[in-house]
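Here's the structure we're looking at; comments come further down.
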There are 2 protein chains.
Amino acid sequence: MNDADVYGQLKQYLGKHITVSDEQLALFCSKFKHKKTKRGEILLRADEIAPYSYFVNNGCLRVYMMDAEGRESTRFLIFENSVGTAFPSFTLQEPSMAYIQSVEPSEILYITHKDFNGLLDTFPGWERVYRIDLEREYIASIRRIESLITMDAKQKYNLLMSKNPALIQRLPSRIIADYLGISQETLSRLKSKK
Amino acid sequence: MNDADVYGQLKQYLGKHITVSDEQLALFCSKFKHKKTKRGEILLRADEIAPYSYFVNNGCLRVYMMDAEGRESTRFLIFENSVGTAFPSFTLQEPSMAYIQSVEPSEILYITHKDFNGLLDTFPGWERVYRIDLEREYIASIRRIESLITMDAKQKYNLLMSKNPALIQRLPSRIIADYLGISQETLSRLKSKK
DNA sequence: CCCCAGATTTGACAAATGTCAATAAATTAC
DNA sequence: GTAATTTATTGACATTTGTCAAATCTGGGG
């Protein structure tokens, strides 16, 4: 894939919801910069204000918290062809509770908060696309809350298996465990028993 | 409060974000119907498609799920001066996993899905107000996910106490417990110990 | 104002999950 | 390819939380 293609997936993502001219698309994409990350690279640290929102071309970003004892909890995962960041920090421009890490070597696009908000004011249809995306992500978070307040460890794991098996194959089980809010030992036992 | 005033809070809510003319406000409000509910009244049952989104003038609505054994889990609470519904069902117009119940005698406004979407297309500024509200609620849900995957029962209760003491005073502890995803007995013991 | 259904508390016990430590397996970096 | 490092598994045990049952409390409706 040459440099001219790095915006192809972003254009497709936008085109799924609205139809815009090629010049408009080019203008939209010009706000995004391109970057390749190494495995394990940290893109944001806690207490920093998230400057960017990311579109993942390939690879995976992980938004996670760390407690005083160094224990990590994965709040969110961002895979190919989706947008994400440390959402509260980016949106409110306040210090982040979370880190962002590239769990795989990834190829990503990123946009500043200022440019992001600028597009909302100036780019026709972008506020709608973003709003619909927000609805989708909010619904996903509601489903996750439901599973967290109603299910035990095995049920949560089985649900993830059925809804997102790719995630389980792809990520180390340590991350699966702290995404589900259980210990790695418990997860390991679930896998062998069931 | 007479009938002419039932839209006062909704107008204030809208006015917090954008400035609109009185006629526009009146048009906006005309899409909302007014209703008083009894304590315990069910507004939506699981498997129904949520027809309405609600603005609560006073009182409190509760969005909850019920498992096969009849155990309830509170997904969401909607207090005065805020908007809410069984969000996934209302937004996607698909059968709801959740019930909506009025936990107190309440006074509410409600709007159909069709009118809600109509306003997004026709009412200047409404998509923005709604989008910003979505961001706020999505952030709240992220915070809740964080507390669910990182905290034990006592920590979750203490957090709720510090962030939302009114909620604890106002609602029966059975509901507090299933909002936190713990049993009422565990909650009762936390309260006496700490 | 009283009664009663529902809510809360408490006790005894069971089950689920976490913690710590040791070992085994896998993956990365060189 | 191999050593070094991380990751995953397993065992033993502690802790938390859930479950069921009974007793007590409470507040809303008549």
Side-chain angles (χ1 to χ4, degrees), chain A residues 37-42 59-60 62 64-74 101-106 147-161 167-194, chain B residues 36-42 59-60 62 64-74 77 101-106 147-161 167-194:
Chain A
T37 64
K38 292 179 205 153
R39 178 190 147 78
E41 181 173 339
I42 303 289
C60 174
R62 168 179 175 243
Y64 67 98
M65 295 153 293
M66 197 186 294
D67 69 13
E69 287 85 39
R71 267 182 286 253
E72 299 178 356
S73 302
T74 296
Q101 179 191 41
S102 178
V103 293
E104 305 171 356
S106 304
S147 74
L148 290 169
I149 60 179
T150 62
M151 295 180 175
D152 63 22
K154 179 180 282 177
Q155 290 173 314
K156 285 187 285 188
Y157 178 69
N158 289 343
L159 179 67
L160 190 63
M161 273 256 277
L167 191 150
I168 292 182
Q169 296 169 344
R170 191 164 165 181
L171 295 175
S173 67
R174 174 181 60 81
I175 292 180
I176 307 293
D178 64 49
Y179 179 78
L180 294 174
I182 61 179
S183 69
Q184 3 179 2
E185 292 93 335
T186 295
L187 177 59
S188 176
R189 291 181 175 109
L190 288 180
K191 286 197 287 188
S192 59
K193 266 172 204 162
K194 155 72 189 12
Chain B
K36 290 183 180 179
T37 63
K38 293 178 204 155
R39 179 190 147 77
E41 183 173 339
I42 303 289
C60 173
R62 169 180 174 244
Y64 66 99
M65 295 153 295
M66 197 186 294
D67 69 12
E69 288 85 37
R71 270 184 286 252
E72 299 179 357
S73 301
T74 296
L77 295 161
Q101 178 190 42
S102 176
V103 293
E104 306 171 355
S106 303
S147 73
L148 290 170
I149 59 178
T150 62
M151 296 181 174
D152 63 21
K154 179 181 281 178
Q155 290 172 312
K156 287 188 283 187
Y157 178 69
N158 289 343
L159 179 68
L160 190 64
M161 251 270 277
L167 190 152
I168 291 182
Q169 295 168 346
R170 191 164 164 182
L171 294 175
S173 66
R174 173 180 60 82
I175 291 180
I176 308 293
D178 64 48
Y179 179 78
L180 294 174
I182 61 180
S183 70
Q184 3 179 1
E185 294 92 337
T186 295
L187 178 58
S188 175
R189 292 181 174 109
L190 288 180
K191 286 196 288 189
S192 58
K193 265 172 205 163
K194 157 72 192 1

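Chain naming here is simple, since letters A, B, ... match the order of the sequence lines and numbering starts at 1 in each. What you see below is based on every heavy atom in this structure, not just the backbone, and it leaves out hydrogens, waters and symmetry mates.
Checking the phosphate oxygens (OP1, OP2) of D/dT17, no side-chain nitrogen or oxygen of B/T186 falls inside 4.0 Å.
Residues A/I168 and A/Y157 meet the side-chain proximity criterion, which asks for heavy atoms closer than 4.5 Å. Side-chain contact between A/L190 and A/I182: present, with at least one pair of heavy atoms (C-beta onward) separated by less than 4.5 Å.
Atom-to-atom, CZ of A/R170 to P of D/dT7 comes out at 17 Å; the value is rounded to the nearest Å. When rounded to the nearest whole Å, the span between CD1 of B/I182 and P of D/dG18 equals 7 Å. Per the geometry, CD belonging to B/Q184 stands 14 Å off C1' belonging to D/dC25, to the nearest Å. In this structure, CZ of A/R189 is placed 13 Å from P of D/dC13, rounded to the nearest angstrom. Taking atom CG of residue B/L180 and atom P of nucleotide D/dT16, one finds them 18 Å apart after rounding to whole Å. Put simply, CG on B/L148 is 13 Å from P on D/dT17, counting in whole angstrom units. What separates CD1 of A/I176 from P of D/dT9 is a distance of 12 Å, to the nearest Å. Computed from coordinates, the A/R174 CZ to D/dT9 P distance equals 13 Å when rounded to whole Å.
For B/D178 (side chain) and B/G181 (main-chain N/O), no donor-acceptor pair under 3.5 Å exists by modelled atom type. For A/T37 (side chain) and A/S106 (main-chain N/O), a donor-acceptor pair under 3.5 Å exists by modelled atom type.
When DNA chain C is scanned in the 5' to 3' direction for atoms under 4.0 Å from non-hydrogen atoms of chain A, the outermost contacting nucleotides are C/dT17 to C/dT28.
As judged by a 4.0 angstrom heavy-atom cut-off over every strand, B/L187 is placed among residues making no nucleic acid contact. When heavy atoms are screened at a 4.0 angstrom cut-off, A/S173 is found touching the sugar-phosphate backbone but no base atom. Using a 4.0 Å heavy-atom distance criterion, A/G40 is classed as making no nucleic acid contact.
Here the closest heavy-atom approach between residue A/S173 and residue A/L187 is recorded as O-CD2, 3.3 Å. Between A/T74 and B/I149 the shortest heavy-atom distance is O-CD1, 3.4 Å.
Contact annotation: side chain of B/R39 to base of D/dG27, donor-acceptor pair absent below 3.5 Å.
Ranked by how close their nearest DNA chain D nucleotide is to the 5' end, A/L171 and B/S183 are led by A/L171.
Put simply, the residue from A/R39, A/R62, A/E72 that forms a side chain to side chain contact (heavy atoms under 4.5 Å, CB included) with A/Q101 is A/R62.
Looking at the side chain of B/A153, the nearest of the listed nucleotides D/dT9, D/dT10, D/dT17 is D/dT17.
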